[in-house]
Structures are given as C-alpha cells and as structure tokens.
Amino acid sequence: MATVRGVAVSDRHPYLFSASEDCEVKCWDLEQNMVIRNYHGHLSGVYCLCLHPTLNILATGGRDSSVRIWDMRTKMGIFVFGGHTNAICSLVSQASEPQFISGSMDRMVRLWDLAAGKCSVTLTNHKKSIRALAIHPLEYTFVSSSSDHNKVWKCPRGQFERNIDGHNAIVNGCCIREAEKGSSILINGTDSGHLHFWDWASGHKFQSIEGKPQPGSMSAENGIFATTLDQSGSRLITAECDKTIKIYREDPNATPDSHPLNWKAPAMNAAHRY
C-alpha cells in the first residue's frame with residue numbers, strides 16, 4: 001500500500017482509475033467495487049493520469065519522467081514516451097486530437113502526438129516547475145500553471161497567447177469554468193492555501209480566498225493539493241493538506257455593490273494594437 005496521487009473517472013464506462021506511488025495504476029469497476037485491471041510498467045511512483053475524451057486510451061506519468069500510453073481495455077502498453085528530465089505532475093487531453101499534453105518539474109510542457117507516436121512540440125517558456133494543466137471547455141486552448149505564470153496556449157501546436165498572473169505561489173491544481181454569460185473563469189489552488197479567481201478574457205484577478213485549516217491542524221496545513229469542478233460547474237471541490245475535501249459554491253446574494261470591481265483595463269502597448 002502506498003500514497004494515491006491521482007484518480008480519474010470514465011464518463012463512458014463504470015470505471016475509476018488510480019495512480020499510486022507504489023508504481024501501480026489500477027482500474028476499479030464501480031459496479032462490482034473491485035480492481036479488474038492493473039497496468040504494469042512504471043519504474044517509480046505514478047503521479048498523474050488522464051483518460052482521452054473519445055478514445056479508450058489512458059495516459060500516465062510520474063517520477064520516472066516517462067509518459068506511458070495504455071489500451072484501457074487490454075492493459076497493453078501502446079507507447080512509452082521519453083523526453084522529460086524530471087517528474088511529470090500533470091496530464092490533460094482534449095477531444096479534437098489524438099494527443100496528450102504533459103507538464104513536468106523540468107519546467108517543460110510537451111505535446112504528444114498519438115498518430116505519429118512521438119512528441120510533436122516542446123514548450124520551454126516556463127522558468128519554474130509545472131504541476132497543473134487545464135483544457136478550456138469550449139475554446140481550442142489550454143493553460144499551464146507554474147509559480148512564475150499561468151500561460152495560455154493554443155491547441156494543437158501550443159502557440160503562446162498570453163500570461164495570467166497574480167498568484168505568487170506554487171500551483172498544485174487549476175481548472176477553467178465556463179460561466180453563464182459566456183465569460184470563463186480560471187481557478188488556481190496553491191501551496192499557500194489560497195484560491196485565486198481570474199476573468200479568463202481580461203486576466204483580471206477578481207477574488208482570492210485563503211483557506212482555513214480545520215480545528216486541530218497546524219496553521220501551515222492549509223495548502224491546496226487539487227481542484228476540480230463538479231459536472232454542473234456550479235461547485236468547486238478542493239483537496240487540502242489538512243486532510244479535508246472542501247466544496248465551494250457561488251454566493252447567491254452577491255451584487256455589484258457587495259463585491260465591487262475596482263479594476264481598469266491596462267493600456268495597450270504597441271505589440272497588441274495590431
């Protein structure tokens with residue numbers, strides 16, 4: 001038995017997948033409440049995993065710096081992708097491409113082309129470790145989060161678009177919420193125990209929430225290790241250092257008067273006028 005570092009639930013099968021520091025990846029049948037498959041191959045702890053939205057393919061990554069691609073049903077390994085030089089902390093995929101995207105502590109983001117069986121693009125813009133990635137639910141973009149910047153990239157080739165800043169801490173989890181009026185919200189959960197909320201389009205950070213450890217915990221145990229949204233997008237769920245899972249919802253009584261927006265768009269520079 002060892003620490004479980006990541007889980008993923010299939011939206012097309014009654015399966016849950018778990019990744020652990022014992023080098024194991026397991027598939028759990030949620031109807032039978034038992035392990036039905038084990039995926040063997042990683043040489044060290046497995047830190048993250050991701051299911052492709054449309055293909056029956058699983059990607060895993062961890063401390064051995066490799067991204068492994070598995071046939072979800074047969075347990076067979078399809079590819080072993082090398083190239084990262086440090087632990088892989090995050091994996092994401094979007095439905096339009098046979099592609100996985102990995103973020104690593106080597107400060108690189110790599111885009112893996114499953115059709116070609118190789119890394120198609122390496123993004124080296126970050127100066128700090130990358131522990132969190134998120135795919136935009138509607139746009140053809142994704143974000144990589146590090147302590148230096150949140151960087152927005154265009155799929156499928158990873159063209160850099162812009163930075164979103166203001167967190168000043170190690171980011172362990174991020175997610176993007178598509179709001180009701182068409183505007184999106186970027187959410188970061190950090191090692192310092194803060195949740196940060198940005199308007200996706202403008203990059204304006206409109207709210208920060210500092211988490212409070214549960215009674216009996218030390219004040220330092222307020223780090224946020226993972227963030228996700230529920231299926232409706234109306235609840236934010238966090239996994240935290242004080243051994244709690246917290247659920248946040250929007251304030252139904254919030255008004256422009258109770259939450260004033262003291263922000264003015266920055267002046268455009270010459271590079272952005274065309």
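Position 1 is the first residue of the sequence; numbering continues from there.
Side chain to side chain, Tyr15 and Glu31 fail the donor-acceptor criterion of an N or O pair below 3.5 Å. For the residue pair Arg235/Tyr248, the side-chain donor-acceptor check at 3.5 Å is not satisfied. With hydrogens and angles left out, the side-chain atoms of Asn188 and Thr190 include no donor and acceptor closer than 3.5 Å. Donor-acceptor pairing under 3.5 Å is recorded for the side chains of Ser145 and Asn150. A donor and an acceptor atom, one from each side chain of Ser208 and His196, are located under 3.5 Å apart. For the residue pair His204 and Ser202, no side-chain donor N or O sits within less than 3.5 Å of a side-chain acceptor on the partner. Judged by distance alone, the side chains of Arg110 and Thr122 do bring a donor and an acceptor atom under 3.5 Å apart. Checked by atom type, the side-chain pair Thr54/His52 shows a donor-acceptor distance below 3.5 Å. Checked by atom type, the side-chain pair Asp191/Asn172 shows a donor-acceptor distance below 3.5 Å. In this model, a donor atom of one side chain and an acceptor atom of the other lie less than 3.5 Å apart for Ser144 and His126.
The number of heavy-atom neighbours closer than 6.0 Å to CD1 of Ile245, taken from other residues, nucleotides and ligands shown, is 12 or below.
Hydrophobic cluster membership is shared by Met34 and Met72, with clusters built from Ile, Leu, Val, Met, Phe, Trp and Tyr side chains linked at under 4.5 angstrom. Under a hydrophobic-cluster definition in which Ile, Leu, Val, Met, Phe, Trp and Tyr are linked whenever side-chain heavy atoms come within less than 4.5 Å, directly or via other members, Leu55 and Phe79 are assigned to the same cluster. Under the 4.5 Å side-chain heavy-atom criterion for Ile, Leu, Val, Met, Phe, Trp and Tyr, Ile69 and Tyr39 are members of distinct hydrophobic clusters. Val92 and Phe17 sit in two unconnected hydrophobic clusters of ILVMFWY residues. Membership requires side-chain heavy atoms under 4.5 Å apart, directly or through other members. Under the 4.5 Å side-chain heavy-atom criterion for grouping Ile, Leu, Val, Met, Phe, Trp and Tyr, Trp153 is connected to Val121 within one hydrophobic cluster.
Using a distance-only test at 3.5 Å, with no hydrogens or angles considered, no donor-acceptor pair links the side chain of Thr228 to the main chain of Ile237. When atom types are taken as modelled, the side chain of Asn163 and the backbone of Asp165 share no donor-acceptor pair closer than 3.5 angstrom. In this structure, Gln214 contributes its side chain and Thr244 its backbone to no donor-acceptor pair below 3.5 Å. Of the possible donor and acceptor atoms, none in the side chain of Ser104 sits under 3.5 Å from a partner among the backbone N and O of His84. With Arg37 contributing its side chain and Arg73 its backbone, the two residues share a donor-acceptor pair below 3.5 Å. Formation of a donor-acceptor pair under 3.5 Å by the Asp199 side chain with backbone atoms of Ile185 is not found in this model. Remark: side-chain polar atoms of Ser66 are not paired, donor with acceptor, to backbone N or O of Arg68 under 3.5 angstrom.
Of the inter-residue distances, the one linking Met105 atom CE with Ile88 atom CD1 reads 12.0 Å to the nearest 0.5 angstrom.
Ile176 places none of its side-chain heavy atoms less than 4.5 Å from the side chain of Phe142. Looking only at side-chain heavy atoms (C-beta outward), Phe197 and Leu236 come within less than 4.5 Å of each other. Taking 4.5 Å as the limit, every side-chain heavy atom of Cys174 sits out of range of all side-chain heavy atoms of Ile187.
Residue His42 comes nearest to Gly62 through the heavy atom pair CE1-N, 4.3 Å, listed as atom of the first residue, atom of the second, then distance. The two atoms that bring Ile130 and Ser146 nearest to each other are CG1-CB, 4.3 Å, heavy atoms only. In terms of heavy atoms, Pro53 sits closest to Arg12 at O-NE, 3.4 Å. When all heavy atoms of His136 and Ser184 are compared, the pair lying nearest together is NE2-OG, 2.8 Å. In this structure, Asp106 and Thr85 approach most closely via the heavy-atom pair OD2-N, 2.9 Å. Minimum heavy-atom separation, Thr227 to Gly173: OG1-C, 3.3 Å.
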### Task
Walk me through it: do Phe100 and Trp112 pass the test ring pair (Phe, Tyr, Trp, His ring centres under 6.0 Å)?
CA-CA 5 Å; Phe100 283 99; Trp112 306 96; over 10 Å; no
### Query
side-chain contact (heavy atoms from CB on, under 4.5 Å) between His167 and Trp198: does it pass, once the steps are laid out?
CA-CA 10 Å; His167 47 294; Trp198 288 269; 3.8 Å; yes
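Between Arg177 and Glu250 there is a salt bridge, since a side-chain N of the basic residue sits under 4.0 Å from a carboxylate O of the acidic one.
Both tests pass for Arg162 against the ring of Trp200: distance under 6.0 Å to the centre and angle within 45° of the axis.
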